[in-house]
Amino acid sequence: FSLCGLHCGLCPIHHMERGCPGCGGGAGHQSCGIIRCSLEHGAPEYCFQCAVFPCERLRNAAEFDSFVPHRNSIADLEGARDLGLSACRAEQAQKEAILQELLTRYNDGRRKSLFCTAVCLLELDKLRQAMVRLEERVRPELELRARAALAVEELQAAAQMQGVELKLRKKPKYEQ
């Protein structure tokens, strides 16, 4: 769980060979305005611990996505604050286990971002239901590509039931 409420374990970069060092910095660390903001406000470990939470900078960051969806970050931070970090981390661990299963059994080399986005955005119970339906449909003789297509179908159906679009919202490029 990051400073700004993103779930690092659900990010596709986290699942790459070289991975990501996270908010703590190090090789491969990306520059982040939220980290700079944290340092200006006493360096809380999580944004919900800041006196100005939720600030305009965090709201603006939640409008667009990077490698992982940001749209749930403020709600996830509020949940961590209200329910406690241990409950938040327990749910995150369950989502990470589902993502690991998707990546291990259903990724045909082209689905990692979609799987990460789906697991990040869908409610845990909807994910579980989708995985049960997927297991019911998968047959041992199916090739990986067919299994991947079934996984996408089930995740898209769950997203539709929840009213969620499984696409990253990128900041528009402005012409100069």
Side-chain angles (χ1 to χ4, degrees), residues 1-38 44-48 50 53-81 83 85 87-128 130-131 148 151-152 154-156 158-160 162-173:
F1 196 62
S2 72
L3 165 72
C4 65
L6 297 179
H7 297 274
C8 301
L10 305 180
C11 178
I13 293 177
H14 179 79
H15 295 278
M16 292 173 65
E17 188 175 314
R18 295 168 90 193
C20 172
C23 294
H29 175 69
Q30 303 294 314
S31 176
C32 176
I34 302 291
I35 292 172
R36 287 190 302 276
C37 180
S38 168
E45 189 173 0
Y46 302 100
C47 285
F48 69 80
C50 182
F53 171 78
C55 68
E56 196 62 31
R57 182 179 296 235
L58 194 59
R59 282 191 198 94
N60 290 338
E63 286 185 41
F64 300 104
D65 304 319
S66 57
F67 304 105
V68 66
H70 292 224
R71 62 195 95 159
N72 293 346
S73 61
I74 293 174
D76 288 345
L77 283 164
E78 289 169 340
R81 177 194 63 202
L83 301 174
L85 282 169
C88 177
R89 286 186 178 129
E91 181 173 310
Q92 182 180 359
Q94 292 175 57
K95 284 188 161 197
E96 284 183 44
I98 291 170
L99 177 59
Q100 201 59 310
E101 176 154 349
L102 286 166
L103 293 174
T104 301
R105 297 188 59 213
Y106 300 98
N107 185 21
D108 62 359
R110 304 176 330 147
R111 312 295 179 158
K112 181 169 40 171
S113 287
L114 177 81
F115 291 164
C116 289
T117 299
V119 174
C120 187
L121 293 177
L122 294 174
E123 296 169 2
L124 185 56
D125 66 321
K126 301 286 191 282
L127 277 171
R128 286 184 185 131
M131 294 303 288
V152 170
E154 289 300 337
L155 292 171
Q156 290 287 9
Q160 188 174 13
Q162 191 178 316
V164 171
E165 186 177 20
L166 297 182
K167 290 189 177 196
L168 295 175
R169 300 170 309 167
K170 296 294 184 177
K171 193 177 267 190
K173 294 182 180 179

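No hydrogens, no waters, no symmetry mates; every other heavy atom, side chains included, goes into these values. Values in this document were obtained by computation on a predicted structure and should not be read as measured data.
Residues Ala151 and Leu102 approach most closely at CB-CD2, 4.2 Å, considering heavy atoms. The minimum heavy-atom distance between Leu3 and Pro44, with the atom names listed, is CD1-O, 3.4 Å.
Taking 4.5 Å as the limit, some side-chain heavy atom of Phe115 sits within range of a side-chain heavy atom of Val152. Cys4 is listed as a side-chain neighbour of Leu58, based on a closest heavy-atom distance under 4.5 Å.
By the side-chain hydrogen bond (donor to acceptor under 3.5 Å, both in side chains) test, Glu91 pairs with no residue at all, sequence neighbours left out. Partners of Glu78 according to the salt bridge (charged side-chain N to carboxylate O under 4.0 Å, His left out) rule, which considers only residues two or more places apart in sequence or in another chain, do not exist here. Legend: residues meeting side-chain hydrogen bond (donor to acceptor under 3.5 Å, both in side chains) with Asp108, ordered by chain and number and at least two apart, are Arg111. In this structure, the salt bridge (charged side-chain N to carboxylate O under 4.0 Å, His left out) partners of Arg59, at least two apart in sequence or on a different chain, are Glu56. Here Leu85 pairs with Phe1, Tyr46, Phe48, Ala80, Arg89 under the side-chain contact (heavy atoms from CB on, under 4.5 Å) rule; sequence neighbours left out. For Arg105, the side-chain hydrogen bond (donor to acceptor under 3.5 Å, both in side chains) criterion is met by Glu101, Glu135, not counting sequence neighbours. Every residue two or more places apart in sequence or in another chain that forms a side-chain contact (heavy atoms from CB on, under 4.5 Å) with Ala118 is listed here: Leu122, Leu155, Leu166. Partners of Lys95 by salt bridge (charged side-chain N to carboxylate O under 4.0 Å, His left out), not counting sequence neighbours: none found. Take Glu63 and apply the salt bridge (charged side-chain N to carboxylate O under 4.0 Å, His left out) test, not counting sequence neighbours, and it matches no residue.
For the 3.5 Å distance criterion, the side chains of Gln92 and Glu96 qualify, holding a donor opposite an acceptor.
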Report all side-chain donor-acceptor pairs from residues 67-77 shorter than 3.5 Å, counting only partners two or more places apart or in another chain.
| residue | atom | partner | partner atom | Å |
| --- | --- | --- | --- | --- |
| His70 | ND1 | Ala61 | O | 3.4 |
| His70 | NE2 | Ser66 | N | 3.4 |
| His70 | NE2 | Ser66 | OG | 2.9 |
| Arg71 | NH1 | Glu165 | O | 3.2 |
| Arg71 | NH2 | Asp65 | OD2 | 3.0 |
| Arg71 | NH2 | Lys167 | O | 2.6 |
| Ser73 | OG | His70 | O | 2.8 |
| Asp76 | OD2 | His7 | NE2 | 3.0 |

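Residue Gln160 qualifies as open at atom CD: its count of foreign heavy atoms under 6.0 Å is 12 or below.
A donor-acceptor pair under 3.5 Å is absent between the side-chain atoms of Ser38 and the main chain of Ile34, judged by distance alone.
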With side chain to side chain contact (heavy atoms under 4.5 Å, CB included) as the test, would you mind laying out the steps for Glu123 and Val164 before giving the verdict? CA-CA 10 Å; Glu123 296 169 2; Val164 171; over 6 Å; no

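If you take SG on Cys8 and CG on Leu6, they are separated by 7.0 Å, rounding to the nearest 0.5 Å. Distance check, rounded to the nearest 0.5 Å: SG of Cys11 to NZ of Lys112 gives 9.0 Å.
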